[in-house]
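Quick one: the structure is below, and I'll ask about it shortly.
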Amino acid sequence: MNHQYHPVALVHGWKSHPGIWRDLITRLTNHGIPAWAFAYTDDHPETVATDLQRYIAGKRKESGYTGDIDIITHSMGTHITRYLLEVIDGGGKEEGVRQLIGIGPPNNGSSMAELFCDAVHGEEMINRLTGVFVPKGYIPDDDALVQEVRPKSPTMRTLKRAGLRDDISYHFILGENLTRSAAFFPVFGGRTPVYGEDGEWKTTWSGDGVIPHTDSVIAGAGYEVVPSDPIRLTERPWRYCHTTLPKNPEVMDAILRHITQFGRE
């Protein structure tokens, strides 16, 4: 198969599905960029990462493509993809990946996941987020993905020890409530909960309602904050909150810019 650009694997976030990428897939297709949309359900991150590895191998075999790919992830999808690239494949580096572009990634663990499990605030937060970000009847103790994305989980400790790969370019896109609009993510009045290293809870405007910047920023990776212009939050500010970022036109513009800036193969 003759590819003009590297194929792109798409990995959705927690309690989501490949349909979140519909608009992006249309734009990728219009640019002649093959899109491989991976689907998964709740399981241990290592299991899902292994399934992702098999999925990519299957798409390579199906298409006949043997070169490097790009991977675009949202939220928990970044956590899963990094586990594949840095832990499962970190020694042999057999997965040919040119760049990982993550949207709202919990690179240092998820404050929200920790909040779900908090003995004092957890039940209240789950109730507030039910129907908005959390499914009805949600029980965090039964969710291995959430347990393993908590900041001090075994999986997060393993990722920290492994570190970023030097043969992959990492770039992350972070949402921020630049205008401090309550409509940005109304559940928290436009702010984002933050779990501090001291175990204290705070809130910040520097986040997308679910993932604060402190959960995302790690050394060795590039970043950009959206919106680039605060005026874009004047109308429909919720388009920049966590759950809608993969469908946000500015985010899709940024993804296409990073994918195409290296030119054709």
Applying side-chain hydrogen bond (donor to acceptor under 3.5 Å, both in side chains) to Asp167 and not counting sequence neighbours gives Arg165
Heavy-atom closest pair (Leu145 atom, Ile80 atom, distance to 0.1 Å) is CD2-CD1, 4.2 Å
With sequence neighbours left out, the residues meeting ring-ring contact (aromatic ring centres under 6.0 Å, His included) with His79 are none
| When you measure from the side chain of Ser75 to the backbone N and O of Gly77, does any donor-acceptor pair fall under 3.5 Å? | no
With Pro105 as partner, the option from Leu174, Thr73, Ile218 fulfilling side-chain contact (heavy atoms from CB on, under 4.5 Å) is Leu174
Please determine whether side chain to side chain contact (heavy atoms under 4.5 Å, CB included) holds for the pair Thr260 and Ile33, giving the CA-CA distance in whole Å, both sets of side-chain angles, and the decisive distance to 0.1 Å.
CA-CA 9 Å; Thr260 60; Ile33 303 171; 4.2 Å; yes
Worksheet item: Hey, is the main chain of Gln99 close enough, under 3.5 Å, to the side chain of Ser169 for a donor-acceptor pair?
Response: no
Tyr40 meets the ring-ring contact (aromatic ring centres under 6.0 Å, His included) criterion, sequence neighbours left out, with His12, Phe38
### Message
If you define the side chain from C-beta out and look only at heavy atoms, does anything of Ser111 sit under 4.5 Å from Asp215?
### Response
yes
Could you label the plane-to-plane angle of the Trp14 and Phe133 rings as parallel, tilted or perpendicular, counting under 30° as parallel and over 60° as perpendicular?
tilted
By ring-ring contact (aromatic ring centres under 6.0 Å, His included), Tyr195 pairs with (sequence neighbours left out) Trp201
Salt bridge (Lys or Arg N to Asp or Glu O under 4.0 Å) filter on Glu250, not counting sequence neighbours, yields Arg232
Exercise. With side chain to side chain contact (heavy atoms under 4.5 Å, CB included) as the test, would you mind laying out the steps for Ile126 and Leu115 before giving the verdict?
Key: CA-CA 9 Å; Ile126 289 171; Leu115 184 55; over 6 Å; no
ask   = Crowded around Lys247 NZ? As in, over 12 foreign heavy atoms under 6.0 Å?
value = no
**Prompt:** Has the side chain of Asn177 got a donor or acceptor atom that lies under 3.5 Å from a matching backbone atom of Gly190?
**Reply:** yes
Taking every heavy atom of Thr192 against every heavy atom of Pro212, the minimum-distance pair comes out as CG2-N, 3.5 Å
When every non-hydrogen atom of Pro106 is compared with those of Ile211, the smallest separation belongs to CB-CD1, 4.2 Å
Applying side-chain hydrogen bond (donor to acceptor under 3.5 Å, both in side chains) to Tyr138 and not counting sequence neighbours gives Asp143
So ring pair (Phe, Tyr, Trp, His ring centres under 6.0 Å) across residues 205-240, not counting sequence neighbours, yields Phe172-Tyr223
Can you check whether Ser110's main-chain N or O pairs, donor with acceptor, with Arg150's side chain at less than 3.5 Å?
-> no
Salt bridge (Lys or Arg N to Asp or Glu O under 4.0 Å) filter on Glu86, not counting sequence neighbours, yields Arg82
Taken in chain and number order and not counting sequence neighbours, the residues that satisfy side chain to side chain contact (heavy atoms under 4.5 Å, CB included) with His171 are Ile173, Glu224, His258
Open item on the list: Determine whether Ile255 and Val251 satisfy the following criterion, side chain to side chain contact (heavy atoms under 4.5 Å, CB included), listing intermediate values before the conclusion.
Closed with: CA-CA 6 Å; Ile255 289 170; Val251 172; 4.0 Å; yes
With sequence neighbours left out, the residues meeting salt bridge (Lys or Arg N to Asp or Glu O under 4.0 Å) with Arg128 are Glu124
What one should report as the nearest heavy-atom pair of Pro34 and Gly32 is CD-O, 3.5 Å
In terms of heavy-atom contacts, Ile69 and Arg60 come closest through CG2-NH2, 3.7 Å
Residues 145-170 vs ring pair (Phe, Tyr, Trp, His ring centres under 6.0 Å), sequence neighbours excluded, gives none
Residues passing the salt bridge (Lys or Arg N to Asp or Glu O under 4.0 Å) test with Asp166, sequence neighbours excluded, are Lys93
* Do Asp68 side-chain atoms and His6 backbone N/O form a donor-acceptor pair below 3.5 Å? -> no
